[in-house]
Number of protein chains: 2
Amino acid sequence: MLKLSKLTDYAAVIMAHIARDPAKAQTASELAQCVNLPHPTVGKILKMLAKKGLLESRRGSQGGYVLARPASRISASDIIAAIEGPIGMTECSHADGDCELLDICGVADNWQRVSQAVRTLLDGVTLAHLAQTAPIKLPVQMPIQSVTLASGAEYGKG
Amino acid sequence: MLKLSKLTDYAAVIMAHIARDPAKAQTASELAQCVNLPHPTVGKILKMLAKKGLLESRRGSQGGYVLARPASRISASDIIAAIEGPIGMTECSHADGDCELLDICGVADNWQRVSQAVRTLLDGVTLAHLAQTAPIKLPVQMPIQSVTLASGAEYGKG
DNA sequence: AGCAAAGGGGACTAAAATGGTCCTATATGA
DNA sequence: TCATATAGGACCATTTTAGTCCCCTTTGCT
């Protein structure tokens, strides 16, 4: 289903929550309550986000989490990558493939391009967009449709 | 990692293989050999693809599978949806959400738009594209980047 | 100084999704 | 009528994911 994991989903919600009150350092407990999720789980997610440099943490009493940079400079792909690792549609989308099928499969290259396009799309969506209540507008239908038809031969036409 | 499942990955490879010789009905065994995967697995995938109307099957001797329509009219999202179900980034991306967090989460709407954009992107990639050996070109970076900035307020800027 | 409130890190368990196999039934052509 | 295919579904093993818990360190307050 090309779905985000639940944790990633939660992460987005949590980040959005923090982004809506960026001045205040918020604790794991507070956030857990606001978002209605168990404290340990929220804590785990916050740790991951902090480790990847999306949040800054303050320890000790009066501590909590703050955005490490403005919401407009944190992208959806940042958040996804923080929880799930690098974004790629297939196994061979990133690393130098240890995929034994590479010779046979014949689609690897093209999947990589598609992955790149998805990544770029997600780079363009910021936390600021996600956090705003008004729906964001992504009128990308036309440009993409036309653009993907760029290259040569078509098989099995007609 | 926003990854396709292995089965979906295989499905793409298999479909591409069929698309490269569209006239001939190919059996599960043949394809399994070509693609170097176990027969039962390939069989399972072919069944799924046929059930969703992407392939047509002929039973009995001399049987096998053929594309149900030209490769240029089968999209990447068709293939993905056939194996994994509807494409959506989050649980609530498609159905009328039974997500209890909907009130709290505040990002559902926006994720749905992002999902839609990804879906559109994948609609634009055809099996014909995937099957061709030459890499497809997806110069979508610019249009998307600029377009996602469409709407109003930005949080936490500066 | 000491205490309480926070996060850091990692081990562990339970549950769910995934991948893969197998069996029986049905259709088809020689 | 037999060999060759797919159709459909039950089944199991493995991996991934989600969630919990424990002990440690840091920090502010009294």
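In what follows, chains carry the letters A, B, and so on, assigned in the order in which the sequence lines appear, proteins first and then strands, with residues in each chain numbered from 1.
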Report summary line: To the nearest angstrom, the CD-C1' distance between A/Gln33 and C/dA6 comes to 16 Å
**Report entry** Distance-only donor-acceptor check, side chains B/Gln33 and B/Ser29, under 3.5 Å
**Finding:** no
Query - Rounded distance (Å) that lies between atom P of C/dT28 and atom OH of B/Tyr65 - result: 14 Å
Requested in this report: Start with the C-alpha distance between B/Leu31 and B/His17, add both sets of side-chain angles, then the distance that settles side-chain contact (heavy atoms from CB on, under 4.5 Å), and finish with yes or no.
Outcome: CA-CA 8 Å; B/Leu31 288 165; B/His17 204 92; 3.9 Å; yes
Query - Donor-acceptor pair (no angle test) under 3.5 Å: B/Arg59 side chain, C/dT28 base - result: no
Query raised in the report: For the pair made of CG in A/Leu4 and P in D/dT16, what is the distance, rounded to whole Å?
Result: 18 Å
Report summary line: Side-chain atoms of B/Lys44 come closest, of C/dG19, C/dG29, D/dG19, to C/dG19
**Report entry** Spacing between B/Leu46 atom CG and C/dG20 atom C1', to the nearest angstrom
**Finding:** 15 Å
**Report entry** Check: D/dG8 base within 3.5 Å donor-acceptor of B/Lys47 side chain
**Finding:** yes
Query raised in the report: Between D/dG28, C/dG7, C/dT21, which nucleotide gets closest to the side-chain atoms of A/Thr27?
Result: C/dG7
Query raised in the report: Per the end-axis method with five pairs at each terminus, what is the bend angle of the helix from C/dA1-D/dT30 to C/dA30-D/dT1, to 10°?
Result: 10°
**Report entry** Per B/Pro40 side chain, nearest of listed nucleotides C/dG8, D/dT6, C/dC22
**Finding:** C/dC22
Report summary line: Comparing A/Ser61 with A/Ser5, nearest DNA chain D nucleotide closer to 5' gives the residue A/Ser5
Report summary line: Taking for B/Gly63 and for A/Ile83 the nucleotide of DNA chain D with the nearest heavy atom, the one nearer the 5' end belongs to B/Gly63
Query raised in the report: Which whole-number value in Å describes the distance from A/Arg58 CZ to D/dT25 C1'?
Result: 17 Å
Query raised in the report: Has the side chain of B/Lys51 got a donor or acceptor that lies under 3.5 Å from a partner of the other kind on the base of D/dG8?
Result: no
Requested in this report: Go through the steps for B/Leu55 and B/Val66 under the test side-chain contact (heavy atoms from CB on, under 4.5 Å), then give the verdict.
Outcome: CA-CA 6 Å; B/Leu55 293 176; B/Val66 197; over 6 Å; no
Query raised in the report: Which whole-number value in Å describes the distance from A/Met48 CE to C/dG10 P?
Result: 13 Å
Query - Pair A/Met89-B/Leu122, side-chain contact (heavy atoms from CB on, under 4.5 Å): steps then yes or no - result: CA-CA 11 Å; A/Met89 308 256 300; B/Leu122 294 172; 4.1 Å; yes
Report summary line: Taken to the nearest whole Å, NZ/A/Lys6 to C1'/C/dA14 is 13 Å
Query raised in the report: Counting side-chain heavy atoms from C-beta on, which of C/dA25, C/dG9, C/dG8 comes nearest to A/Ser57?
Result: C/dG8
Query - A/Arg113 and A/Gln116 side chains, donor-acceptor separation under 3.5 Å - result: no
Report summary line: Partner of A/Asp78 under salt bridge (Lys or Arg N to Asp or Glu O under 4.0 Å), picked from A/Arg73, A/Lys52, A/Arg69, is A/Arg69
Report task. Determine the contact category for A/Gly43: base if any of its heavy atoms lies under 4.0 Å from a base atom, sugar-phosphate if only primed atoms, P, OP1 or OP2 are that close, otherwise nothing. Result -> nothing
Report task. Figure out the CG/C1' separation between A/Leu37 and D/dT20, and round it to whole Å. Result -> 14 Å
**Report entry** Among A/Ile74, A/Leu54, A/Ile18, side-chain contact (heavy atoms from CB on, under 4.5 Å) partner for A/Leu127
**Finding:** A/Ile74
Requested in this report: Start with the C-alpha gap between B/His129 and A/Val114, add the side-chain angles, then the distance that decides, and say whether side-chain contact (heavy atoms from CB on, under 4.5 Å) holds.
Outcome: CA-CA 11 Å; B/His129 293 132; A/Val114 176; over 6 Å; no
Report task. Name the closest nucleotide to the B/Tyr10 side chain, picking from C/dG20, D/dT4, D/dT6. Result -> C/dG20
